[in-house]
Amino acid sequence: MARHLITSALPYINGIKHLGNMVGSMLPADVYARYLRQRGHEVLYICATDEHGTPAELAAKEAGVPVDAFCAEQHDAQKAIYDGFELAFDYFGRSSSAENRGITQHFARRLKENGFIEERSIRQVFSIADGRFLPDRYIVGTCPHCGYDKARGDQCENCTRVLDPTDLINPRSAISGSSELEVRETKHLFLLQSKLAGEVESWIDATSEEWPQLSSSIARKWLTEGLHDRAITRDLEWGVPVPADAWPELAAEGKVFYVWFDAPIEYIGATKEWSDQDPANRDWKSWWYEADDTVRYTEFMGKDNVPFHTVMFPATQLGTREPWKKVDYVKSFNWLNYYGGKFSTSQKRGVFTHDALEILPADYWRYFMMANAPESDDTSFTWEHFTATVNKDLADTLGNFVNRVLSFSRKRFGDAVPAGKPAGEAEARLGEEIARLLAEYEGHMETLQFRKAAAALRALWSAGNSYLEEKAPWLEIKSDEEGAALTLRTAMNLIHLYAVISGPFIPASARAMRGAFALTDDTARWVTAEEAKALASVPAGTAFTVPPVLFAKITDEDLAVYKERFGGEDPAAA
């Protein structure tokens, strides 16, 4: 089996993330990692909080605590939420770690040795009111491309265009709000991407053929527009410091690396953090160094992160002239919107992950987000759509099937799986259908098409309901008790099959379904086509219990409460 390295875009440290952040990176990465583990692959799923940069300093300043203490608190708060969503990271690190600092500085030294980092004097915005140079994100203003009036000095979050602070219209300090700004000269380090453009393009040519169109088109757009040399240091107190042995003057001035230089390196840094916890049994370099032939590396991210992961980070890796593992597949996502408008951390618009878990269990959210993942285009969250999906797919199709099968069987046959007559024509047809749908489900999971995979999973659940309606054991038992017993035994085997294959999407519910049966040796990781056709993994005589209701329906009263709390109107109509 292959070794699979999986990373998801690092959640930023300056606050609890919303559902759009979750569905755009961490959740699909978790679903894929769980699937691969169940299929027997060796998997390493790495993530971390992204802790450097301007927003961290600003958020800490607003909270009135030192930035290092703020980041430590927020890391723990975010990790608790991701645990609540059952994101099964192998390691969830911190970009402020000593490991990341050391590897980032190593990368910088190698780039300098190879002629890909240059020290340049530039003219930078200085805030007279604040008495300091302002990094890009400390400057806000109006985007010259789309007119968004809260664009940052490094990127417009509305149109995703990369900016320089001097591009902004009506710029002002994000610290004081003062527009009393002037441009002064200072020195910074530049990554000479222009010298690496040809190598990056050759690498993309050789690698991106199987990427989703969203990923490859964004990467190609950057290449077409030309790779420009980019400043990779900032005037901040918090960040990976420029090493004094390589740049003594800049180190003395307190320069730190730009967050987008050190953040992708944290994928490697976090793997070393993981390795350092058990160095006798974990080798971080085997995943990242000279690993092209032994590791399949998949990245998950929202579309705004694609340029940095498909161009800037590969350029950084290539420029070291060392054999670092580069990504094989970039799974990118469009936006999950909220009633036609964007989720927004800064504007507190939409449903945030801690509130989601307060309202309903994680599996409700996991299934809905993956069944409606914004893969081919932007999608929109509405409470009406969420309610309909939960009630129809989870409560009615899956939950009701499990409950009525187990409850009816216990009522009529007791607390053990009934035997009944041998399987007949209806069971043979069902087995063929389940095997066909299972192969479809597996195919979509292998190609990371999550909406199609969720649809195939839903079709598997529906097949059980169709079988139950066809056989109608509540009528069958009146004239053919042994036939009704067969029907219920077959349906219970379906429940166990659903428990195994639904694990990547709804892990808690999968455990509850699996735990309903007192099997002495239930070690199945997955279901083969032959096992799907046979539907015999839970033999007659196996004791079972009826679990609590898997999925409670969302009522009209619930819906009204949710909309009142979070808002539920199209912003364009407001």
Side-chain angles (χ1 to χ4, degrees), residues 12-15 50-74 95-96 119-190 228 230-242 247 249-263 304 344-349:
Y12 200 69
I13 197 67
N14 65 330
D50 181 3
E51 300 188 6
H52 293 139
T54 308
E57 287 195 0
L58 292 176
K61 181 176 182 293
E62 183 178 344
V65 297
V67 65
D68 57 344
F70 172 83
C71 288
E73 293 170 2
Q74 289 299 312
S95 68
S96 60
E119 185 177 329
R120 294 180 181 176
S121 293
I122 65 168
R123 294 175 64 76
Q124 187 175 341
V125 175
F126 185 89
S127 170
I128 295 173
D130 300 308
R132 60 179 292 178
F133 284 104
L134 297 181
D136 299 350
R137 287 198 173 200
Y138 273 60
I139 309 165
V140 294
T142 300
C143 175
H145 303 288
C146 71
Y148 181 61
D149 65 357
K150 296 181 180 64
R152 304 186 305 260
D154 62 341
Q155 187 178 28
C156 175
E157 68 172 8
N158 186 58
C159 69
T160 75
R161 292 289 289 269
V162 174
L163 301 172
D164 286 318
T166 53
D167 294 334
L168 295 173
I169 301 168
N170 300 322
R172 59 193 181 277
S173 167
I175 304 172
S176 62
S178 173
S179 58
E180 194 177 4
L181 310 175
E182 63 183 35
V183 178
R184 297 183 182 180
E185 188 172 282
T186 186
K187 290 182 178 179
H188 281 287
L189 298 179
F190 279 72
H228 303 289
R230 188 154 179 81
I232 58 168
T233 51
R234 294 293 186 269
D235 294 283
L236 291 170
E237 298 176 358
W238 177 244
V240 174
V242 169
W247 295 280
E249 181 182 345
L250 296 188
E253 293 175 4
K255 307 285 187 184
V256 301
F257 285 108
Y258 174 42
V259 64
W260 262 112
F261 182 76
D262 80 85
D304 56 331
S344 173
T345 301
S346 59
Q347 299 174 32
K348 304 292 189 291
R349 172 178 165 74

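Everything quoted here is computed from the prediction, not taken from an experiment.
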For [X] and [Y], which heavy atoms make the closest approach, and how far apart are they?
X	Y	answer
Arg230	Val162	NH1-CG1, 3.6 Å
Ala151	Thr142	CB-C, 4.5 Å
Leu168	Gly141	CD1-N, 3.8 Å
Phe70	Ile13	CE2-O, 3.9 Å
Asn14	Pro55	ND2-CB, 3.8 Å
Pro144	Asp167	CG-O, 3.5 Å

Start with the C-alpha gap between Ile122 and Thr186, add the side-chain angles, then the distance that decides, and say whether side-chain contact (heavy atoms from CB on, under 4.5 Å) holds.
CA-CA 6 Å; Ile122 65 168; Thr186 186; 4.1 Å; yes
d(Glu119 CD, Leu250 CG) to nearest 0.5 Å is 4.0 Å
Hey, what do you get for CH2 (Trp238) to SG (Cys71), rounding to the nearest 0.5 Å?
5.0 Å
With side-chain hydrogen bond (donor to acceptor under 3.5 Å, both in side chains) as the rule and sequence neighbours excluded, what pairs involving residues 60-70 come up?
none
With respect to Pro171, which candidate in Val125, Ile139, Val140, Thr166 satisfies the side-chain contact (heavy atoms from CB on, under 4.5 Å) definition?
Ile139
Which of these, Glu253, Gln124, Arg120, sits in a side-chain contact (heavy atoms from CB on, under 4.5 Å) with His188?
Gln124
Are a donor atom and an acceptor atom from the side chains of Ser176 and Asp130 found within less than 3.5 Å of each other?
yes
Go through Asp154 and Tyr258 one step at a time and tell me if the side-chain contact (heavy atoms from CB on, under 4.5 Å) criterion holds.
CA-CA 11 Å; Asp154 62 341; Tyr258 174 42; 3.7 Å; yes
For the residue pair [X] and [Y], establish whether any side-chain heavy-atom pair is separated by less than 4.5 Å.
X	Y	answer
Asp262	Val256	no
Leu58	Tyr138	yes
Ile128	Ser178	no

Show, in sequence, the C-alpha distance, side-chain angles and deciding distance for Leu181 and Phe126, and conclude whether the side-chain contact (heavy atoms from CB on, under 4.5 Å) test is met.
CA-CA 6 Å; Leu181 310 175; Phe126 185 89; over 6 Å; no
Does [X] use its side chain to pair, donor to acceptor, with the backbone of [Y] at less than 3.5 Å?
X	Y	result
Ser95	Ala263	no
Tyr12	His52	yes
Lys255	Lys187	yes

Checking side-chain contact (heavy atoms from CB on, under 4.5 Å) for the pair Asp149/Asn170: CA distance, chi angles, key distance, verdict?
CA-CA 9 Å; Asp149 65 357; Asn170 300 322; over 6 Å; no
Could you tell me whether Arg234 and Asp136 have a side-chain N and a carboxylate O separated by less than 4.0 Å?
yes
Hits for side-chain hydrogen bond (donor to acceptor under 3.5 Å, both in side chains) against Arg132, two or more places apart or cross-chain, chain-then-number order -> none
Listed by chain and number, what are the side-chain hydrogen bond (donor to acceptor under 3.5 Å, both in side chains) partners of Glu182, not counting sequence neighbours?
Arg184
